[in-house]
Undergrad: 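This structure is in structure tokens; I'll ask about it shortly.
Please read all numbers here as calculations on a predicted model, not as lab measurements.
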Amino acid sequence: MSDNFTVPKALSGTGGWLDDRFHGARGLRVFMRKVFPDHWSFMLGEIALWSFVILLLTGTFLALFFVPSSAAVVYHGSYVKLDGLTVSQAYQSTLNITFDVRAGLLMREIHHWAADLFMASLTIHMLRVFFTGAYRKPREVNWLIGIVLFTMGLLEGLFGYSLPDDQLSGAGLRIFEGVLQGIPIVGTYGAFFLFGGSFPGDSIIPRLYILHVFLIPGLILALITAHLFIMVHQKHTQMPAKGNTEKNVVGQPFFPYFMAKGGAWFFFIFAALVLLSTFAQINPIWLYGPYNPVQISSASQPDFYMGILEGSLRVMPAWEWSFLGHTISFSVLIPAAVPFGLILTGAAFWPFFEQWATGDRSWHNVNDRPRNAPIRTATGIAAVVFYGVLWAEGANDVLADFLQIPLYTVTWIARVLVFVGPAVAFIVTRRICIGLQRKDAELLEHGLETGIIRQLPNGEFIEVHRPVNEDERAVLEAKRVPALLPASGSEDENGVPAPASLGALGRARTIANRAFAETVVAETNGHGNGHGNGHGPADEHAAVGADSGHAELPGGGGSDGESTDS
Amino acid sequence: MSDMEETGRTPELPEGSEVPAAPHRVIGTPPPSPRLLGRGDGGGEAADQAPGGGGVAVAEHAVEKLPTEPDYPEHAKNAEKIVVALFLLAFVAGCGFIAAYIGLGVHTVDKVFRSNLALGLSLSVTLLALGTGALIWVRHLMPDVELAEERHAMRSTDAERADFQEYFKEASGASQFVKRPMVRRSLMLATLPLAVAPLVLLRDLGPLPGTSLRHTVWSPGRRLLVYGTNQPITAAEFSAPGGMITIVPDGYSDDLDALAKAAVILIKFRPGELDIPTRTQGSTVVGTMNWAVDNIVAYSKICTHVGCPVALYEQTTHHILCPCHQSTFDASTGATVIFGPAPRPLPQLPLAVDGSGYLVAQSDFTQPVGPSFWERG
């Protein structure tokens with residue numbers, strides 16, 4: 001506790017021994033004091049990290065008992081209701097883990113819940129990064145790694161829940177095989193190679209097993225490591241606040257603060273997963289029964305992260321082409337490839353699209369508030385609505401039953417909403433962002449409403465405003481607006497048009513640039529202290545427009561603007 | 001003022017100082033700053049974007065001493081007691097977890113659930129107590145500090161870049177890689193087979209599909225067995241109109257690979273309700289009234305969309321529904337698609353009656369069953 005605390009010999013001796021060999025003190029000294037900024041939204045990615053750790057722990061336990069084999073055996077285990085049934089060894093060993101291995105059921109459920117939490121937190125983490133613009137230079141590569149991680153997580157989950165060979169997961173595999181078969185030219189071969197012949201065959205369980213416990217987790221682990229190293233190396237972004245600049249990072253040091261908080265967070269996440277596993281049963285495979293291709297139950301929903309694919313399959317009308325002895329099944333191909341493809345490739349290209357549209361090649365370490373980037377935020381919300389509609393359609397039978405409306409009506413609503421929803425969401429979100437910017441501008445101009453009404457000598461009533469304080473002002477003024485690029489076809493003083501603005505691409509870029517650069521500008525620099533309430537619509541202090549208050553074009557300033565960026 | 005949080009008293013106002021206290025924190029803005037260390041003179045310039053301009057006089061890695069005492073020593077004493085209590089609770093609950101593991105057996109459903117409850121409860125209490133203890137520790141025992149650390153441009157300096165380019169050129173030159181194209185090209189050629197080899201090695205993952213997707217195990221005279229009992233069935237036994245049963249081929253009732261294609265549903269209609277127009281594909285008949293026996297018709301149970309078993313049947317409308325993606329087929333008109341993503345009717349199995357009166361197949365399906373594939377045509 002006191003200043004003259006001495007490090008015990010055991011620790012300092014070992015440390016010295018190691019440092020003699022690895023030169024570790026220099027780096028660790030810096031790392032101990034490494035600053036991590038604090039914000040609730042920065043803990044979302046951490047949930048994914050800790051879920052993955054819990055997945056590794058519980059998965060290792062399960063692998064000690066699970067038998068990845070399709071070989072048929074007659075079940076005579078503890079779950080007497082299935083006694084005498086012919087099942088696969090995979091299914092039998094999963095029943096044994098559940099009913100004969102102590103804590104086996106708990107581990108299975110933690111593993112399954114952790115997988116769901118992993119994907120959920122990954123999704124929300126990606127949304128956070130998107131909406132705050134944390135993917136911008138220099139973090140584009142980490143954004144791309146994140147997208148690959150998300151895809152890997154999907155596959156890992158799909159393969160994992162297919163392993164127990166129960167009725168529900170078998171139906172999922174059947175759909176997977178059907179979709180695979182639908183791929184033009186190579187699909188049939190792909191399905192036969194993956195399944196080792198006809199569906200279901202004896203090969204798929206051991207093959208999925210090695211992918212699930214070795215290859216994909218290895219890749220995920222490697223990518224997470226890269227993700228974290230890059231994050232540490234580039235230093236975390238921070239939210240706008242007083243004292244937070246593009247050139248510093250403000251927060252608490254790793255040791256002991258971040259370490260203790262991270263540890264506490266791990267325990268909380270683990271505890272939440274254990275509580276879920278104790279009180280909210282998930283994947284009761286003994287109730288589903290062993291897989292048989294002849295059987296199915298209604299309300300067969302996959303885990304939530306596959307919901308968008310399921311919904312896409314359900315929403316699709318029956319389109320198919322047959323020509324020259326070949327068949328292209330659009331009713332399978334479009335749902336399998338397009339929605340997720342749009343979202344993931346769109347996400348992957350977005351940082352570069354935004355750079356192209358804004359001409360902004362400077363680095364960004366202070367995050368945007370979503371309202372201050374209306375086009376980005378509106379696009380993100382449109383994608384969320386698109387995803388959400390298809391996701392909900394994945395449970396259209398459950399929805400129809402729950403809402404007591406015809407099943408086909410639900411599907412038709414989804415068919416319309418999947419197009420209309422994102423468009424409306426885009427427009428509404430953009431308006432909301434601009435509205436919030438107006439409010440910010442108003443706060444800067446007039447200060448805060450205090451709720452105090454005063455009567456002036458002339459009898460007029462006014463509400464007293466107080467100016468925003470420094471902390472608030474720092475946040476409100478942290479808005480960065482993209483620079484206006486030269487209009488398409490416009491000429492400089494020598495009559496030379498800007499080359500980048502020519503042609504169809506140039507015009508598109510100008511349109512995109514004007515959209516990105518739209519902003520609300522606070523008109524006064526004054527400290528709006530307490531003057532009147534007389535600003536009605538006629539007295540508009542906030543101007544919407546793409547014509548003022550823009551940052552200078554970056555590029556000239558600093559060490560970052562030179563070459564190599566494009 | 002619903003969008004504001006009341007966090008304290010209003011600071012003194014420059015004007016109108018008789019104004020009493022009012023809520024003063026804007027949502028989305030930070031609470032009052034904690035003790036700030038290591039922030040230099042220029043640290044307050046929030047609008048410092050370009051990484052070249054404006055100086056933040058912060059040491060590269062803050063070397064300021066962290067305070068050794070918590071901010072509120074009296075408060076910390078209480079916090080310490082709580083933390084210790086929580087850690088002790090975690091210990092006790094952890095022991096409880098081990099005790100539950102040793103003491104509570106499994107092997108029946110009830111015992112498993114009891115064990116699960118005890119293990120789950122004790123483990124979650126352990127973890128919650130640990131987490132809460134650690135959190136109170138860091139929030140109330142450790143002094144609250146905030147450090148500012150300088151960021152450096154990721155870009156190497158021009159000198160470093162130039163050095164790198166120089167080294168690279170030198171090394172490339174020394175390697176003779178550029179100067180001797182035959183070495184370079186033959187090396188690339190040499191590695192080509194190795195690059196292709198992994199693809200070749202995957203060839204034995206499975207047999208080629210061949211025509212296997214076009215056939216099922218149904219053959220002329222093969223009896224229809226009722227799924228579950230595995231007994232053959234006569235037309236007279238399946239006499240109740242409106243019923244639907246699942247059928248498996250005789251000899252393959254336990255062969256999942258065969259069943260994944262050959263499973264069949266059998267539906268009995270009232271006289272006059274069944275009206276299957278004869279449909280052909282090229283010269284092949286793929287559906288006709290003649291394949292029904294005594295108003296009993298057999299369709300493939302494998303959905304033409306992605307292969308789920310079409311298991312739901314609505315007697316009054318004669319609709320067959322696939323529970324996976326809701327493709328709906330009209331059984332009375334040859335299982336034609338009336339809704340959903342399935343691209344074509346369920347294939348019809350030609351039925352006949354053998355010498356003993358049992359329902360048998362006239363032949364295999366006349367078209368591939370199940371989902372579409374490239375070679376299907």
Side-chain angles (χ1 to χ4, degrees), chain A residues 3 30 35 78 99 102-103 105-106 138 174-175 178 181 184-185 188 192-193 196-199 235 241 243 245-250 260-261 263-264 267-268 270-271 274-275 278 293-294 296 298 313-314 316 318 320 325 327 329 331 408 450 464 466 471-472 474-475 529-530 557-560, chain B residues 13 15-16 19 22 26 29-30 43-44 46 48-53 56 61 68 101 106-107 112 116 119-120 123-124 127-128 130-131 134-135 138 147-151 153-155 205-207 209 256-257 259-260 263 306-309 311 323 325 339 341-343 371-374 376-377:
Chain A
D3 284 355
V30 174
V35 166
S78 298
F99 292 109
R102 280 176 286 179
L105 175 61
L106 189 66
R174 174 84 232 210
I175 295 169
Q181 254 185 35
I185 304 173
T188 321
F192 267 67
F193 285 1
S198 318
F199 178 86
K235 299 191 172 79
T245 72
E246 294 290 351
K247 298 194 65 197
N248 71 4
V249 50
V250 179
K261 284 181 179 175
F267 290 128
F268 281 130
F270 205 163
V274 177
L275 280 172
T278 312
V294 177
I296 187 84
S298 62
L313 282 169
R314 292 180 184 208
M316 188 70 194
E320 179 165 300
T327 302
S329 178
S331 52
Y408 303 155
T450 57
V464 178
R466 73 148 182 85
D471 286 344
E472 292 157 357
V475 173
N529 30 11
S559 54
D560 244 347
Chain B
L13 298 176
E15 289 178 26
V19 173
V26 180
T29 63
D48 190 5
Q49 188 191 15
V56 183
H61 302 292
T68 50
Y101 184 90
V106 284
H107 303 304
V112 164
N116 194 55
L119 289 168
L123 184 57
S124 48
L127 295 166
L128 273 179
L130 266 170
L135 193 68
V138 70
L147 297 180
E149 191 181 331
E150 195 185 334
R151 289 183 195 271
M154 286 294 126
R155 189 184 193 279
L205 275 176
L256 298 190
D257 290 11
L259 292 183
V306 283
C308 288
H325 307 105
F339 191 81
S372 305
F373 52 98
W374 174 249
R376 187 182 189 282

Undergrad: Taking Glu149(B) for its side chain and Val35(A) for its backbone only, find out whether a donor-acceptor pair lies under 3.5 Å.
TA: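 Confirmed, Glu149(B) side chain pairs with Val35(A) backbone.
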Undergrad: What closest approach, in Å, do Arg314(A) and Pro323(B) show between heavy atoms, and which atom pair accounts for it?
TA: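 Shortest heavy-atom contact: NH2-O, 4.1 Å.
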Undergrad: Val106(B) vs Leu105(A), test: side-chain contact (heavy atoms from CB on, under 4.5 Å). Steps then yes/no.
TA: CA-CA 10 Å; Val106(B) 284; Leu105(A) 175 61; over 6 Å; no
Undergrad: How would you list, by chain and number, every residue that makes a ring pair (Phe, Tyr, Trp, His ring centres under 6.0 Å) with Tyr408(A), sequence neighbours excluded?
TA: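 Listed in chain order: Phe339(B).
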Undergrad: For Ala263(B) versus Val294(A), what's the shortest heavy-atom pair and its separation?
TA: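 The pair with the smallest heavy-atom distance is CB-CG2, 3.9 Å.
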Undergrad: Please name the pair of heavy atoms, one in Ile296(A) and one in Ala311(B), separated by the smallest distance, quoted to 0.1 Å.
TA: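 Reported closest heavy-atom pair: CG2-CB, 3.3 Å.
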Undergrad: Name the region of Ala342(B), side chain, backbone, both or neither, that has any atom closer than 4.5 Å to a heavy atom of chain A.
TA: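 For Ala342(B), the backbone is the part near chain A, not the side chain.
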Undergrad: How far apart are the closest heavy atoms of Thr278(A) and Gly120(B), and which atoms are they?
TA: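 It is OG1-CA, 3.2 Å.
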Undergrad: Given that the side chain runs from C-beta out, which part of Pro184(A) has a heavy atom under 4.5 Å from chain B: side chain, backbone, both or neither?
TA: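 Both the backbone and the side chain of Pro184(A) come within 4.5 Å of chain B.
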Undergrad: Report the C-alpha separation of Phe199(A) and Asp257(B) in whole Å, then their side-chain angles, then the decisive distance to 0.1 Å, and conclude whether the side-chain contact (heavy atoms from CB on, under 4.5 Å) test is met.
TA: CA-CA 6 Å; Phe199(A) 178 86; Asp257(B) 290 11; over 6 Å; no
Undergrad: When only pairs under 4.5 Å are counted, which of Ala260(A), Pro293(A), Ala271(A), Gly325(A) shares the most heavy-atom pairs with chain B?
TA: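 The option with the most such pairs is Pro293(A).
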Undergrad: Quick check for you: among Ala134(B), Ala260(B), Cys308(B), which has the greatest number of heavy-atom pairs under 4.5 Å with chain A?
TA: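 Top option by heavy-atom pairs under 4.5 Å: Ala260(B).
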Undergrad: What closest approach, in Å, do Thr188(A) and Phe373(B) show between heavy atoms, and which atom pair accounts for it?
TA: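 Scanning both residues completely, I find the closest heavy atoms to be OG1-CB, 3.7 Å.
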Undergrad: Between Ala264(A), Gly197(A), Gly263(A), which shows the greatest number of heavy-atom pairs under 4.5 Å with chain B?
TA: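 Option with the greatest count: Ala264(A).
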Undergrad: Looking at Gly206(B), Pro209(B), Pro207(B), which makes the most heavy-atom pairs under 4.5 Å with chain A?
TA: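 With the most close heavy-atom pairs to chain A, the winner is Pro209(B).
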Undergrad: Could you please spell out the steps behind the side-chain contact (heavy atoms from CB on, under 4.5 Å) verdict for Phe270(A) and Leu130(B)?
TA: CA-CA 11 Å; Phe270(A) 205 163; Leu130(B) 266 170; over 6 Å; no
Undergrad: Quick one: pull up NZ in Lys247(A) and CZ in Arg151(B) and give me the separation to the nearest 0.5 Å.
TA: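 Rounded to the nearest 0.5 Å, the NZ-CZ separation comes out at 11.5 Å.
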Undergrad: NZ/Lys235(A) to CE/Met154(B) distance, rounded to the nearest 0.5 angstrom?
TA: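 Those atoms lie 6.0 Å apart.
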Undergrad: So which heavy atom on Leu127(B) is nearest to which on Phe267(A), and how close?
TA: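 Between these two residues, the closest heavy atoms are O-CB, 3.4 Å.
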Undergrad: Return the set of residues passing ring pair (Phe, Tyr, Trp, His ring centres under 6.0 Å) with Phe192(A) (not counting sequence neighbours), or none when no residue passes.
TA: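 Expected list: none.
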